[in-house]
There are 2 protein chains.
Amino acid sequence: MAPGTARTPLSSHRLIAAAVDLADEAGIDAVSMRALAQRLGVVPMALYKHVASKDVLLDGMVDLVLAEVEAPDPALDWRAAVRARVLGARRAVLRHPWARRAIESRTHRTAVVLAHMDAVARHFLDGGFSPDLTHHVMHALGNRIWGFSPELFEEGPAGDAPAPDPEQQAAVARELAQRFPGILAIATAATGGDLSSVGQGCDEQFEFEFALDLLLDGAERLQRSGWASTAHP
Amino acid sequence: MAPGTARTPLSSHRLIAAAVDLADEAGIDAVSMRALAQRLGVVPMALYKHVASKDVLLDGMVDLVLAEVEAPDPALDWRAAVRARVLGARRAVLRHPWARRAIESRTHRTAVVLAHMDAVARHFLDGGFSPDLTHHVMHALGNRIWGFSPELFEEGPAGDAPAPDPEQQAAVARELAQRFPGILAIATAATGGDLSSVGQGCDEQFEFEFALDLLLDGAERLQRSGWASTAHP
DNA sequence: ACGCTAGGCGTACGCTGTACACCTCGTCAA
DNA sequence: TTGACGAGGTGTACAGCGTACGCCTAGCGT
């Protein structure tokens with residue numbers, strides 16, 4: 001840097017924000033201490049004056065994403081509130097596609113993470129759920145409280161040739177039909193019977209809300225029936 | 001190696017089995033190509049004559065774990081069959097604690113992986129579920145078909161000092177009560193009101209079966225009511 | 001005026017996956 | 001019997017990673 005041009009000083013916050021930008025642009029794998037330092041016009045080791053390790057950097061990135069989720073209207077009943085908060089988290093996570101993997105990889109629970117979990121738990125408690133039932137229901141929701149579902153059919157970068165060869169594709173379909181008829185059936189169901197677009201994936205948003213509602217339905221039913229854990233202390 | 005002592009030749013299978021052993025003993029992070037090669041008395045690059053990359057090695061490891069799950073009695077009805085198969089997968093995964101992370105990290109679906117998914121799907125289809133409903137229910141189950149739940153409260157290596165200081169612990173509890181009352185409530189519910197063992201985690205097996213049954217209940221209800229996706233093509 | 005310290009710099013270490021060239025066997029055809 | 005060939009083990013090397021450690025300098029408080 002040329003002398004005389006004072007550089008905006010680094011800070012933990014600026015650093016984390018830059019990391020989020022970098023991840024948004026180039027994916028989470030592109031976020032290395034070296035790459036991040038270069039983007040900030042600084043030597044790699046300079047970063048360590050502001051974050052203790054890459055792990056806490058990632059913690060900070062997750063916090064920043066979670067800070068984007070807006071709180072639901074307090075007038076909503078428990079079910080609408082949970083739904084709103086979770087779908088809000090989903091919107092935030094979808095804005096940062098790397099966030100899913102980042103959240104899953106975190107081992108420490110930061111205050112921001114705890115705050116989100118706490119908020120969800122309180123929706124249930126305020127709605128009349130027992131702490132016990134709330135606990136189990138939170139477990140049942142699992143990662144879904146962050147707005148994403150455990151990815152079952154996730155595709156890779158999806159950058160392959162889309163339809164390399166109809167002949168070959170037919171062969172794949174035949175093989176699939178013979179060896180995995182169940183998968184074929186549900187895959188074609190997803191595409192309305194169109195065999196040619198089987199690998200296309202499905203409406204993730206629909207699947208997410210379907211599963212979320214299924215779980216909330218079940219929770220509601222248990223709560224109404226005065227569920228209490230029996231086999232469990 | 002001393003001359004004259006013929007070494008059992010490497011093979012893709014032997015290699016994968018050794019990797020599984022290594023992961024069982026030392027964790028998945030200890031499975032590096034170098035460490036694996038050393039364990040086999042061979043130079044790292046020798047492994048690449050039998051596996052194309054570390055990724056396909058991991059695929060193979062997952063396949064080997066999945067090969068351990070036993071098929072359920074064909075006489076069972078759909079619900080018992082799904083339950084049995086999933087809990088069978090769970091037993092296999094629990095025998096290899098690294099398998100959870102390994103499965104989540106896989107991006108390719110091997111034949112063995114597809115076979116498991118296919119088997120689960122067929123339980124539903126054979127039970128009278130429409131392909132459509134089966135599809136959504138499979139999504140709702142998500143990673144749970146592998147026998148583990150999306151980890152919400154997972155603890156780290158749990159090797160820290162168990163109770164460093166009662167005074168300090170009380171401070172933590174006070175802080176928790178103020179900032180995250182919801183979490184405190186459900187955490188104490190899990191331990192029967194025992195504040196001192198809050199960080200201890202809970203009965204994972206119970207939580208897993210609770211969530212599984214919640215989902216299967218919901219699925220059953222939808223199937224009985226002749227559910228068909230409406231808003232969805 | 002002086003020393004302290006926050007913060008940026010440079011070097012270096014040990015680790016990772018793996019590309020590439022080589023070398024050495026066992027097998028099989030001529 | 002010989003000669004080619006391919007499977008499989010070896011060695012070296014590269015680029016990248018996180019980060020420990022020491023130095024150096026500008027700004028600030030006393």
Quiz item: Rounding to a whole Å, what distance do you find between A/Ile28:CD1 and D/dG18:P?
Solution: 11 Å
Practice problem: Return the value, rounded to whole Å, for the distance between atom CE of A/Met33 and atom P of C/dC15. | Solution: 20 Å
Quiz item: What residues in residues 45-61 of chain A put a non-hydrogen atom under 4.0 Å from any atom of DNA chain C?
Solution: A/Met45, A/Ala46, A/Lys49, A/His50
Exercise. Report the residues that fulfil side chain to side chain donor-acceptor pair (under 3.5 Å) with B/Thr110, sequence neighbours left out, ordered by chain and then residue number.
Key: B/Asp63
Quiz prompt | Partners passing salt bridge (Lys or Arg N to Asp or Glu O under 4.0 Å) against A/Asp21 (at least two apart in sequence or in another chain) | solution = none
Quiz prompt | Under the side chain to side chain donor-acceptor pair (under 3.5 Å) test, residues paired with A/Arg144 that sit two or more places apart | solution = none
Quiz item: Partners of A/Glu68 by side chain to side chain donor-acceptor pair (under 3.5 Å), sequence neighbours excluded?
Solution: A/Arg95, A/His96
Quiz item: So, A/Glu104 and A/Arg100, do they make that salt bridge, N to O below 4.0 Å?
Solution: no
Quiz item: Taking N and O atoms by type only, does the side chain of A/Arg34 place a donor or acceptor under 3.5 Å from a partner on the base of D/dG16?
Solution: no
Quiz item: For A/Glu25, what residues pass the side chain to side chain donor-acceptor pair (under 3.5 Å) criterion, not counting sequence neighbours?
Solution: A/Arg39
Quiz item: CD of B/Gln38 versus C1' of C/dT16: gap in Å, rounded?
Solution: 15 Å
Quiz prompt | Interatomic distance, A/Leu40 CG vs C/dG7 P [rounded to whole Å] | solution = 15 Å
